[in-house]
Amino acid sequence: RRELALHYQPTVDLGKGNIVGLEALMRWRDPDLGPVPPARFIPVMEETGLILEAGRWALEQAVADFRRWQANGLHPPRVAVNVSQLQLRQKDFVATVERALSGAAGAAGVLELEITESLIMQDVEANILKLKAVRDMGAEVAIDDFGTGYSSLSYIAKLPINTLKIDRAFVMNLTRNPGDVSIVTTMISLAHSLDLTVVAEGVETLEQANLLRLLKCDEFQGYLFSPAVPAERIEQFLRENKSLPG
C-alpha cells in the first residue's frame, strides 16, 4: 500500500564536521495506528519473509533517492542500507544488489551495505564470497554494531569490508566509564591497523564527539547532528552544506 518510507541519518566526519554518509532506515506509518516503531514491524517482516521484498525495495529506493539528489545538482555521499539475515542467505543476493545499482551513474560511492558481525559469522566462507562480489560492483560493506557479537578476530582481517561501526552501547557512557574508553580505543586501533574507517554510533553530546576525535575515530552518527529524517530534509542539508558547529 506504499506505506513504507526511507528516512536517512547522516554520518559525519569527526575532523571536518561535514556529512560523509547517509544510513537508510525503514519507517512505516499505518493509516490507523500512525507511526509504527521499526522494533515492532521489522521482526515480523523477518519472521514472515516479507523482509525480502521490503529489503529489495529499500535498496532500490535508496539508489533512486541518491540519483534524484544528483539530478538536482547535489553531490550526495554514499548511502548505507541494512541487510537482514534472510536477505544475505538468498542465492540471488548478489544479483539483487546488482539490479539495485543498475542505472546509477557510476556505482562506486553510491551504496554501502551494513551487516551485523554475528550475521556474517553464521556462514562466513559463503558470505565472504558474496561480499567480495558486491565490492567488485563498487558497493562498500560495513560491519554494524561491532563489539556486540562473537566474531573471530582471525576472520575480521579476511572480510571484504570498508568500515567498522562501533555500537552505541560503548559510546553511551564513554565520557564516564574508563572501561568503555579502553574498549573503544582498542576497536579503533584494530580497525585502523586493517585500513578500515571507524564510525561511532549513538553520539549525543559534544563531549562524546570531542573524546572520539581525540581517540582518532573517523566518523559518527547520532542525535548530536541529526536523527533520521525524510529524504527531502536530507536534500536541504546537502544544499545548505550542513555541518557540525565548531
Side-chain angles (χ1 to χ4, degrees), residues 1-12 18-31 35-38 41-42 44-46 48-88 90-116 130-131 133-142 144 162-163 165 199 219 221 225-242:
R1 297 194 298 269
R2 300 185 181 276
E3 292 170 9
L4 291 177
L6 288 184
H7 285 196
Y8 296 90
Q9 184 170 38
T11 302
V12 179
N18 60 307
I19 298 173
V20 291
L22 300 164
E23 180 180 359
L25 297 164
M26 208 176 288
R27 296 291 184 260
W28 175 29
R29 177 178 289 276
D30 181 272
V36 182
F41 72 84
I42 296 291
V44 178
M45 283 186 165
E46 291 174 342
T48 59
L50 283 171
I51 195 67
L52 294 176
E53 185 177 353
R56 281 194 297 270
W57 168 82
L59 284 168
E60 293 169 2
Q61 184 61 49
V63 173
D65 285 340
F66 182 97
R67 290 165 60 188
R68 189 178 72 254
W69 293 323
Q70 277 188 325
N72 289 342
L74 301 170
H75 299 283
R78 67 185 187 273
V79 178
V81 179
N82 292 278
V83 174
S84 77
Q85 175 180 339
L86 198 56
Q87 286 175 280
L88 187 59
Q90 300 304 303
K91 291 181 179 179
D92 67 345
F93 171 73
V94 174
T96 298
V97 176
E98 188 173 25
R99 279 195 301 272
L101 281 169
S102 65
V110 176
L111 189 64
E112 181 176 66
L113 303 179
E114 288 197 7
I115 304 173
T116 61
K130 290 178 181 177
L131 297 180
V134 298
R135 277 272 302 264
D136 289 343
M137 296 175 203
E140 296 187 1
V141 179
D144 197 14
N162 306 86
T163 304
K165 299 189 74 174
V199 181
E219 301 168 6
Q221 283 179 269
F225 188 86
S226 174
V229 295
E232 294 75 17
R233 184 77 171 130
I234 292 296
E235 181 165 340
Q236 184 179 351
F237 286 174
L238 297 175
R239 204 170 291 284
E240 296 172 350
N241 291 315
K242 178 180 169 66

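Everything quoted here is computed from the prediction, not taken from an experiment. Residue numbers run from 1 in the order of the sequence given.
Between Ser226 and Gln9, the closest side-chain pair of non-hydrogen atoms is not below 4.5 Å. Proximity of Arg239 to Gln236: side-chain heavy atoms (C-beta onward) are nowhere separated by under 4.5 Å.
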*Starting from the C-alpha separation in whole Å, work towards a yes-or-no answer on side chain to side chain contact (heavy atoms under 4.5 Å, CB included) for Phe93 and Leu113.*
CA-CA 12 Å; Phe93 171 73; Leu113 303 179; 3.8 Å; yes
*So Leu52 and Gln87, side chain to side chain contact (heavy atoms under 4.5 Å, CB included) or not? Walk me through it.*
CA-CA 6 Å; Leu52 294 176; Gln87 286 175 280; 4.1 Å; yes
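With sequence neighbours excluded, the residues satisfying side-chain contact (heavy atoms from CB on, under 4.5 Å) with Glu3 are Arg1, Trp28, Asp30, Pro31. Taking Ala231 as the reference, Tyr8, Asp65, Arg68, Trp69 meet the side-chain contact (heavy atoms from CB on, under 4.5 Å) condition, with sequence neighbours excluded.
Expressed to the nearest 0.5 Å, how far CG of Leu111 lies from CE of Met137 amounts to 10.0 Å. Taken to the nearest 0.5 Å, the NE2 atom of His7 stands 12.0 Å off from the CE atom of Met26. Between the OG1 atom of Thr96 and the CG atom of Leu88 there is a distance of 11.0 Å, given to the nearest 0.5 Å. In this structure, the separation between CD1 on Ile51 and CH2 on Trp57 is 10.5 Å, given to the nearest 0.5 Å. To the nearest 0.5 Å, the span separating OG1 on Thr11 from CD1 on Ile19 amounts to 9.0 Å. Atom CD of residue Gln70 and atom CZ of residue Arg67 lie 9.0 Å apart, to the nearest 0.5 angstrom.
Applying the salt bridge (Lys or Arg N to Asp or Glu O under 4.0 Å) definition to pairs two or more places apart or across chains, none involves residues 53-64.
When atom types are taken as modelled, the side chain of Lys165 and the backbone of Ala142 share no donor-acceptor pair closer than 3.5 angstrom. Judged purely by atom type and a 3.5 angstrom limit, Glu140 has no side-chain atom pairing as donor or acceptor with the backbone of Gly109. Here the side chain of Asn162 pairs a donor or acceptor atom with the backbone of Val141 at under 3.5 angstrom.
Taking each heavy atom of Met45 and Thr48 in turn, the nearest pair found is O-OG1, 3.3 Å. Annotation for Ala62 and Leu6: closest pair N-CD1, 3.7 Å, computed over non-hydrogen atoms. Between Glu23 and Asn82, the shortest heavy-atom contact is OE2-ND2, 3.0 Å. Counting all heavy atoms, side chain and backbone alike, Phe41 lies closest to Leu4 at CE1-CD2, 4.3 Å. Pairing each heavy atom of Ala80 with each of Glu114, the nearest pair is CB-OE2, 3.4 Å. Here the closest non-hydrogen pair linking Leu59 and Ala100 is CB-CB, 3.8 Å.
For the side chain to side chain contact (heavy atoms under 4.5 Å, CB included) test with Pro77, the passing option among Leu238, Asn18, Ile234 is Leu238; the others fail.
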